[in-house]
Engineer: 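Could you have a look at this structure, given as structure tokens, before my questions?
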4 protein chains.
Amino acid sequence: MNEHSFRKGIVLVRPREGDKRRRIIDAAVHVFSERGFFNSRVNDVAEAAGVAGGTIYLYFKNKDDLLISVFEDRMDTILAMLKSELRKELNPSGQLKRFIELHLELVQRDQALADVLAVELRQSAKFVREYRARKFYEYLGVAEDILTDGIKDGSFRADIDPKLYRRALFGALDELTVMWLACAREDRPAPCSLNDAVNQVFNLFVSGLGPEAKL
Amino acid sequence: MNEHSFRKGIVLVRPREGDKRRRIIDAAVHVFSERGFFNSRVNDVAEAAGVAGGTIYLYFKNKDDLLISVFEDRMDTILAMLKSELRKELNPSGQLKRFIELHLELVQRDQALADVLAVELRQSAKFVREYRARKFYEYLGVAEDILTDGIKDGSFRADIDPKLYRRALFGALDELTVMWLACAREDRPAPCSLNDAVNQVFNLFVSGLGPEAKL
Amino acid sequence: MNEHSFRKGIVLVRPREGDKRRRIIDAAVHVFSERGFFNSRVNDVAEAAGVAGGTIYLYFKNKDDLLISVFEDRMDTILAMLKSELRKELNPSGQLKRFIELHLELVQRDQALADVLAVELRQSAKFVREYRARKFYEYLGVAEDILTDGIKDGSFRADIDPKLYRRALFGALDELTVMWLACAREDRPAPCSLNDAVNQVFNLFVSGLGPEAKL
Amino acid sequence: MNEHSFRKGIVLVRPREGDKRRRIIDAAVHVFSERGFFNSRVNDVAEAAGVAGGTIYLYFKNKDDLLISVFEDRMDTILAMLKSELRKELNPSGQLKRFIELHLELVQRDQALADVLAVELRQSAKFVREYRARKFYEYLGVAEDILTDGIKDGSFRADIDPKLYRRALFGALDELTVMWLACAREDRPAPCSLNDAVNQVFNLFVSGLGPEAKL
DNA sequence: GATGAATGAGAATTCATTCAT
DNA sequence: AATGAATGAATTCTCATTCAT
């Protein structure tokens, strides 16, 4: 809210700036992930965040807004991380591999978040149909940029539609996410190591299934 | 809607056995697709089906059961059609292409159904987490069979994990579905023809992105 | 709702037609009168009417609508009664006296109703500011007609503004209503008999109105 | 609003004692008038007064107390003004006319206040039923005194009940007030000039009261 | 089987009031 | 004194489900 009301490095730092809002969002990720968005009560989130029910409404317009805020908050972090990491890669091929790696790493590291982003967010009609657009397209945009760069420099074939491929890539990763979450939930072991998954998806997208593809 | 399907007091046209159940399921597909499962009222479905609210409960245990029944009903049809169509294809490569084609055709032919299958089914906690499994795995199984057959007969590389690939394939198709539905909803033209989409996805999976792959 | 779904005089009369709606309105008059509109809970009304809370919402859009419906329902009855009674009077002077009499009689006969009409209805901003108009003006219109008729036939002075006088008359009666209600509430005796009140108000208004003022 | 009424760090213009209380009451008149008492939030009043929400509770016990305080504060002023003005009039007839005049002038001068006094004060159950009494009866008492004086000195008929007539007078004026406020709110022109209204009401009451009715 | 009126548990949201700073 | 973030009790309204007809 008022992020600048204290002076850095001086004693009078307002304790835990943005604390409540942050705690609520963090709690929401876990509660929504656990029970699902529609089955979670706002008070569940409040309790998990250690605040009173009404407090949620000081920071969020309503339950939907809370869901959207969770999304925005997390996506901001993820997008920043993603861009910064990809900048370290030299060529589109490396970037694509890193993109896949980062996506799947994230899923493993924070399953609750993965669940909210991959499953719960699709619930709110309002979300999928009206809001999903912005940050989501930014994420897709990152993938698309890799593809167009690769086409330009000749690492990828020129006859593909980047808009279609970025979707296919996202869909594949998203579905693997759902699979992984299901395993975790049912205490089944993951079907393969993260490394294997990354390699397989990378190979799929770069070389395809064809036996003579990859020489 | 149904007030005239028989004549009062006369023995006549007893509406076809199973008529109501069918009409309710058909209505549910459209209502759930329109408003989303959680935002749909049971009475909305009843009204759309031209039956009274209570009638739903003569055919389905509860709202969740209705959703599950929609899924089972449609999946049965789809799986039967899918299997029968694939039997006509001679080799795994042709089957894969046909599989992609049939999936995407389905989306175009019946968008409401596609929407329910692709989006709404992820919703009900009960669903994604407990139910989705059966018929959905059967669908995935069809894809997996194609892959394993292809590996066996040498048309596909041996170093792929069919369980992972079938998911990636489904995820890619699913996400394209979502994209298509979004276009339809917002009256934007679809990004490309069905034929193009089939080819691109097929190429992606069979040949990958590599420029010199498929010679 | 469906007032015509039964045939009068035949056995199969649907028991107590409009029963619930009627009972809710009757209950609302008493509950609102007792606790005040804003301090009444919808469930109080439901309980008083002997129905479940949700049932209210089958008959009324919301709490405000219930208040407005109470008003409309009662005013319809009152206006019908008023007009029918006034038709029996031969001249404006007699009608004016009867109008005053009926207004004050009503207050004495049904204090809960009087309280809702005179006090509680002024609470709902929506009501006073947007709705009050219609039926209320019809009531005022009855008074105005008497005044204009009286002016025409010479029983009342011609230099008065009927729009102003009808308001003054209503205001005087309304305020007496409030006074009477306060007495009843506090178990004080009414300040005077109904007859006296009628005569005094009549004298006040008629003598003031008379062209050569009551000789 | 108030940020510049004193200079920081300098002893200077300590805002007038009672400043906050006054500002809150003034704000309350407007906010209550605008939205109605029950629909006004305490914070609305605070904001309008330019103070923090909690500050209200340094000056008033609770929301009801605020309403009562508004009433008392305004009525004190009005009663003082009223008495002082009436003292300038020589006879009951002149006083009655002046009373009417002052009442209606008040409405025109400060419509927000008039609205609160005429409409909102009937609201709070606590109010109409317990509190309204005191200052309101003092106001009525002023009217009654005029009437009894007039009866004593023969300017008014002896057969009237001053308790009834003072109510009728107040009610008439009150209702005209409501009418005026409605016009103001809907940007309709007032039905007549203030002078006309005063004369009409005066004629209504005085001619009706006159022993041989104003010849 | 079919109906649809009735139910009542459940949830989101509001807002008067408090109190640590 | 003043603040305004936080509280949590209270209330409206919704809707899956039941059941008498």
Side-chain angles (χ1 to χ4, degrees), chain A residues 1-2 12 14-15 19-21 38-47 49-66, chain B residues 2 14-15 17 19-21 38-47 50-66, chain C residues 1-2 12 14-15 19-21 38-47 49-66, chain D residues 2 14-15 17 19-21 38-47 50-66:
Chain A
M1 291 255 109
N2 44 348
L12 223 150
R14 281 184 55 198
D19 192 39
K20 288 265 164 66
R21 192 187 146 88
F38 280 100
N39 294 313
S40 301
R41 281 162 287 138
V42 171
N43 273 347
D44 291 341
V45 176
E47 194 182 4
V51 301
T55 303
I56 302 269
Y57 292 87
L58 294 177
Y59 295 94
F60 306 94
K61 221 173 72 217
N62 52 37
K63 198 186 170 190
D64 273 346
D65 184 42
L66 174 56
Chain B
N2 63 325
R14 185 86 188 300
E17 176 57 29
D19 189 44
K20 289 259 166 70
R21 190 186 146 90
F38 278 100
N39 295 315
S40 299
R41 278 160 289 147
V42 171
N43 272 346
D44 291 342
V45 176
E47 193 183 4
V51 303
T55 303
I56 302 268
Y57 290 85
L58 296 175
Y59 295 95
F60 306 94
K61 219 174 72 214
N62 52 36
K63 197 185 172 191
D64 273 347
D65 184 42
L66 175 55
Chain C
M1 292 242 125
N2 45 349
L12 223 149
R14 281 186 51 202
D19 190 41
K20 288 265 163 67
R21 192 188 146 90
F38 280 99
N39 296 314
S40 300
R41 277 163 289 135
V42 171
N43 274 347
D44 292 341
V45 176
E47 195 183 3
V51 300
T55 302
I56 303 268
Y57 292 87
L58 294 177
Y59 295 94
F60 306 94
K61 223 174 68 219
N62 51 38
K63 198 185 170 190
D64 273 346
D65 183 42
L66 175 55
Chain D
N2 61 326
R14 184 84 189 300
E17 178 56 32
D19 187 43
K20 289 259 166 67
R21 192 186 145 88
F38 278 98
N39 295 314
S40 299
R41 278 160 289 148
V42 172
N43 272 347
D44 291 343
V45 176
E47 192 182 7
V51 302
T55 304
I56 303 266
Y57 290 85
L58 296 175
Y59 295 95
F60 307 93
K61 218 174 73 213
N62 53 36
K63 198 185 171 190
D64 274 346
D65 184 42
L66 175 56

Engineer: Could you tell me the separation between the CG atom of D:Leu66 and the CZ atom of D:Arg21, rounded to the nearest 0.5 Å?
Structural biologist: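 The CG atom of D:Leu66 sits 9.0 Å away from the CZ atom of D:Arg21.
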Engineer: Atom CD of D:Glu47 to atom C1' of F:dT3: distance rounded to whole Å?
Structural biologist: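 Answer to the nearest Å: 15 Å.
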Engineer: Take the protein atom CG of A:Leu66 and the nucleotide atom C1' of E:dA11, then report the distance between them rounded to whole Å.
Structural biologist: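 Value for this atom pair: 15 Å.
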Engineer: Could you write out DNA chain E as a dot-bracket string, with dots for unpaired bases, | for bases paired across to another strand, and Watson-Crick or G-U pairs counted at under 3.5 Å?
Structural biologist: .||||||||||||||||||||
Engineer: Write down the distance between CZ (C:Arg41) and P (F:dT11), rounded to a whole number of angstrom.
Structural biologist: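 Taking CZ of C:Arg41 and P of F:dT11, I get 5 Å after rounding.
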Engineer: For A:Phe60 and F:dA6, give me the distance from atom CZ to atom C1', rounded to whole Å.
Structural biologist: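 These atoms are roughly 15 Å apart.
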Engineer: Can you name the nearest heavy-atom pair linking D:Gly53 to D:Ala46, along with the distance?
Structural biologist: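 In this case the closest contact between D:Gly53 and D:Ala46 is CA-CB, 3.7 Å.
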Engineer: What nucleotide among F:dT7, E:dA6, E:dT7 has an atom nearest to a side-chain atom of C:Ala52?
Structural biologist: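 Shortest atom-to-atom distance from the side chain points to E:dT7.
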Engineer: Of the options C:Asn43, C:Asp65, C:Val42, which is the one that meets C:Ile56 in a side chain to side chain contact (heavy atoms under 4.5 Å, CB included)?
Structural biologist: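 Option passing the side chain to side chain contact (heavy atoms under 4.5 Å, CB included) with C:Ile56: C:Val42.
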Engineer: Hey, what do you get for CG (B:Asn39) to CZ (A:Phe38), rounding to the nearest 0.5 Å?
Structural biologist: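 Here the interatomic distance stands at 4.5 Å.
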Engineer: Whole angstrom is fine here: how far is it from CD1 in A:Ile56 over to P in E:dC15?
Structural biologist: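 The answer, rounded to whole Å, is 18 Å.
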Engineer: To the nearest Å, how far apart are C:Phe38 CZ and F:dT12 P?
Structural biologist: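 Nearest whole value for this atom pair: 11 Å.
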Engineer: Tell me: CG of C:Asn39 to P of F:dT12, nearest whole Å?
Structural biologist: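 Interatomic distance, CG of C:Asn39 to P of F:dT12: 10 Å.
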Engineer: Measuring to OP1 and OP2 of F:dA1, would you say a side-chain N or O of D:Lys20 lies under 4.0 angstrom away?
Structural biologist: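 So the side chain of D:Lys20 is outside the cut-off, no N or O lying under 4.0 Å from OP1 or OP2 of F:dA1.
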Engineer: Quick test: give all pairs of protein nitrogen or oxygen and nucleotides 17-21 of chain E nitrogen or oxygen below 3.5 Å, distance rounded to 0.1 Å.
Structural biologist:
residue: E:dT17; atom: OP2; partner: D:Tyr57; partner atom: OH; Å: 2.8
residue: E:dT17; atom: OP2; partner: D:Lys63; partner atom: N; Å: 3.0

Engineer: Once you round it to whole Å, what is the distance between P of E:dG10 and CG of A:Asp44?
Structural biologist: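 Taking atom P of E:dG10 as the reference, CG of A:Asp44 is at 13 Å.
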